[in-house]
Engineer: 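Sharing a structure here in structure tokens format.
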Amino acid sequence: MIRSIALQSDPAPHPPRPPEPNRICGTAPVRALFQRRPQQVLRLFYTAEKRRLAGPLCAQLARSRRPYREVPAEELARIAGTQHHGGICAIAVAHFASPLAGPGLPAGLLAAPLLPVLDGIGNPHNLGAIARSAAFFGCRALLLSADRRQADLSDAAFRTAEGGLEQLEVWRARDLPALLRGMRGSLLTVAAVAAGGAPPAALPRDRPIALVLGNEEHGLPPATLEACEARLTLPGSGLVESLNVAAAAAVLFHALGGAA
């Protein structure tokens, strides 16, 4: 007797899980979130101390029928995932750098005199601090490389940026060296290096500057360095080798006339 064997087909693959929402903490980041993309706010939590600040935000959420709640500080720490929540935390749709669609830059990125470019900066706190300085000095955008070490937008980056990330377009380049070579003529591409570069005052100012900042320990990858037209070094006392990348970025933004 021949028994038939039922062949089972492979189960259908599960769809990828959507990314976890961002937890945006602190007065300035939450205010900026509500100003720039209020439609992406899902929920709001706050302590009694932030009731006055939260009032108009709760009214805004009520109109769109989204929840909000006053909670003790201990519960807010659990919701926010950090003790450094500043008394208020908005849960928002996950937000990441937008991949560039083609080999060139969107026209809007040339509207400001300075474009910060990050290649291999993995610490989200440094990313956030650089974004805060970039927004302060009038930059319009932030460009990230596809280096696997490069941090993307995250809860920590939003918190450290103090609202700065909401003021910037954040893009990710698939092939940064190729993109930098393609910028020539429209922007002056400048690699920030610990030693051996020109001082900021020596750079020509006949076009916007794309300032490329790299990993503190290893510096910029050789391909990125070779793609840049100039190298820049911030002169110091020599008592320490260099500044933290976020601190160096702020000084360079000021030196290069980043404020519009």
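None of the values given here were measured: they were computed from a predicted structure. The figures that follow rest on heavy atoms only: side chains count, while hydrogens, waters and symmetry mates do not.
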Engineer: Enter the distance from Leu44:CG to Glu70:CD here, rounded to the nearest 0.5 Å.
Structural biologist: 11.0 Å

Engineer: Check step by step if side chain to side chain contact (heavy atoms under 4.5 Å, CB included) holds for Ile209 and Leu115.
Structural biologist: CA-CA 6 Å; Ile209 293 173; Leu115 172 65; over 6 Å; no

Engineer: Are the side chains of Tyr68 and Arg43 in contact, using a 4.5 Å heavy-atom criterion?
Structural biologist: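 No, too far: nothing below the 4.5 Å cut-off.
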
Engineer: Can you check side chain to side chain contact (heavy atoms under 4.5 Å, CB included) on Leu127 and Asp152, steps first, answer last?
Structural biologist: CA-CA 8 Å; Leu127 170 60; Asp152 205 319; 5.8 Å; no

Engineer: Side chains of Pro116 and Cys139: does their closest heavy-atom pair fall under 4.5 Å?
Structural biologist: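 In contact.
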
Engineer: Just by distance, do the side chain of Ser98 and the backbone of Trp171 share a donor-acceptor pair under 3.5 Å?
Structural biologist: no

Engineer: Distance from Leu187 atom CG to Leu109 atom CG, nearest 0.5 Å?
Structural biologist: 8.5 Å

Engineer: Looking only at heavy atoms, which two atoms of Ala230 and Leu203 are closest? And how far apart?
Structural biologist: CB-CD2, 4.2 Å

Engineer: Where do Ala227 and Leu180 come nearest, in terms of heavy atoms and distance?
Structural biologist: CB-CB, 4.0 Å

Engineer: Hey, could you give me the CG/CZ distance between Leu165 and Arg159, rounded to the nearest 0.5 Å?
Structural biologist: 12.5 Å

Engineer: Checking Arg205 against Leu256 for the side chain to side chain contact (heavy atoms under 4.5 Å, CB included) test, could you report, in this order, the C-alpha distance in whole Å, the side-chain angles of both residues, the deciding distance, and whether it holds?
Structural biologist: CA-CA 9 Å; Arg205 306 301 172 90; Leu256 296 175; 3.9 Å; yes

Engineer: Do you know which two heavy atoms are closest between Ala131 and Ala161, and how far apart they sit?
Structural biologist: CB-CB, 4.3 Å

Engineer: Using only atom types and a distance under 3.5 Å, with no angle test, would you say the side chain of Arg231 pairs donor to acceptor with the backbone of Val190?
Structural biologist: no

Engineer: If I compare all heavy atoms of Arg23 with all of Cys89, which pair ends up nearest, and what's the gap?
Structural biologist: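 In terms of heavy atoms, the two residues are closest at CB-SG, 4.0 Å.
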
Engineer: In Å and rounded to the nearest 0.5 Å, what is the OG1 to CG distance from Thr82 to Asp155?
Structural biologist: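 Reported value, rounded in 0.5 Å steps: 9.5 Å.
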
Engineer: Report yes or no: does Arg37 contribute a side-chain atom to a donor-acceptor pair with the main-chain N or O of Ala92 at less than 3.5 Å?
Structural biologist: no

Engineer: Nearest 0.5 angstrom please: Leu76 CG to Cys25 SG, how far?
Structural biologist: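 The SG atom of Cys25 is 6.5 Å from CG of Leu76, to the nearest 0.5 Å.
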
Engineer: Would you check if Leu118 and Leu142 make a side-chain contact, meaning some heavy-atom pair closer than 4.5 Å?
Structural biologist: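 A side-chain contact under 4.5 Å exists here.
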
Engineer: Could you check whether any side-chain heavy atom of Pro221 comes within less than 4.5 Å of a side-chain heavy atom of Asp119, counting everything from C-beta outward?
Structural biologist: yes

Engineer: Consider only side-chain heavy atoms of I, L, V, M, F, W and Y, link residues closer than 4.5 Å, and tell whether Val93 and Phe34 are in one cluster.
Structural biologist: no

Engineer: Under 3.5 Å, side chain of Thr224 to main-chain N/O of Leu220, donor-acceptor pair present?
Structural biologist: no

Engineer: Is it true that Val212 and Leu100 fall in one hydrophobic cluster, defined by side-chain heavy atoms closer than 4.5 Å?
Structural biologist: yes

Engineer: Do Leu42 and Ile88 share a hydrophobic cluster (ILVMFWY, side-chain heavy atoms under 4.5 Å, transitive)?
Structural biologist: no

Engineer: Would you mind reporting whether Phe253 and Leu211 have side-chain heavy atoms less than 4.5 Å apart?
Structural biologist: yes

Engineer: Strictly below 4.0 Å, N to O, side chains only: are Arg207 and Glu229 in salt-bridge contact?
Structural biologist: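 Result for this pair is yes, salt bridge flagged.
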
Engineer: Identify the residue among Asn215, Ile130, Asp147 that makes a side chain to side chain contact (heavy atoms under 4.5 Å, CB included) with Ile121.
Structural biologist: Ile130

Engineer: Kindly indicate whether the side chain of Arg69, heavy atoms from C-beta on, has any atom under 4.5 Å from the side chain of Glu75.
Structural biologist: yes

Engineer: Just so I know, are the side chains of Asp175 and Leu179 near enough to count as touching, which here means a heavy-atom distance under 4.5 Å?
Structural biologist: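 Asp175 does not reach Leu179 side chain to side chain.
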
Engineer: Taking a hydrophobic cluster as the set of Ile, Leu, Val, Met, Phe, Trp and Tyr residues connected by side-chain heavy atoms closer than 4.5 Å, whether directly or through intermediates, do Val71 and Leu57 fall within one such cluster?
Structural biologist: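 The answer is no; the residues belong to distinct hydrophobic clusters.
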
Engineer: Do other residues, nucleotides or ligands put more than 12 heavy atoms under 6.0 Å from Gln39 CD?
Structural biologist: yes

Engineer: Give the C-alpha distance, both sets of side-chain angles, the deciding distance and a yes or no for side chain to side chain contact (heavy atoms under 4.5 Å, CB included) between Val170 and Leu143.
Structural biologist: CA-CA 6 Å; Val170 185; Leu143 180 61; over 6 Å; no

Engineer: Whether the side chain of Thr189 engages the backbone of Cys228 through a donor-acceptor N/O pair (distance < 3.5 Å, no angle test) should be reported.
Structural biologist: no

Engineer: Measure from the side-chain N and O atoms of Asn22 to the backbone N and O of Ile91, and report whether any donor-acceptor pair falls under 3.5 Å.
Structural biologist: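 No: the side chain of Asn22 does not pair with the backbone of Ile91.
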
Engineer: With Ser154, which residues qualify under side-chain hydrogen bond (donor to acceptor under 3.5 Å, both in side chains), at least two apart?
Structural biologist: none

Engineer: Linking I/L/V/M/F/W/Y whenever their side-chain heavy atoms sit closer than 4.5 Å, directly or via other members, would Leu53 and Phe45 fall into one cluster?
Structural biologist: no

Engineer: I need the minimum non-hydrogen distance between Arg52 and Pro56, along with the two atoms involved.
Structural biologist: O-CD, 3.5 Å

Engineer: Which heavy atom of Leu234 sits nearest a heavy atom of Pro200, and at what distance?
Structural biologist: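 Shortest heavy-atom separation between Leu234 and Pro200 comes out as CD1-CG, 4.3 Å.
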
Engineer: Just by modelled atom types, is the Gly26 backbone N or O under 3.5 Å from a matching donor or acceptor in the Arg31 side chain?
Structural biologist: no

Engineer: What's the separation between atom CD in Gln150 and atom CG in Asn123, rounded to the nearest 0.5 Å?
Structural biologist: 10.5 Å

Engineer: Is there a donor-acceptor pair closer than 3.5 Å between any side-chain N or O of Arg36 and the backbone N or O of Glu166?
Structural biologist: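 Yes.
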
Engineer: Closer than 4.0 angstrom, basic N to acidic O: yes or no for Glu169 and Arg140?
Structural biologist: no

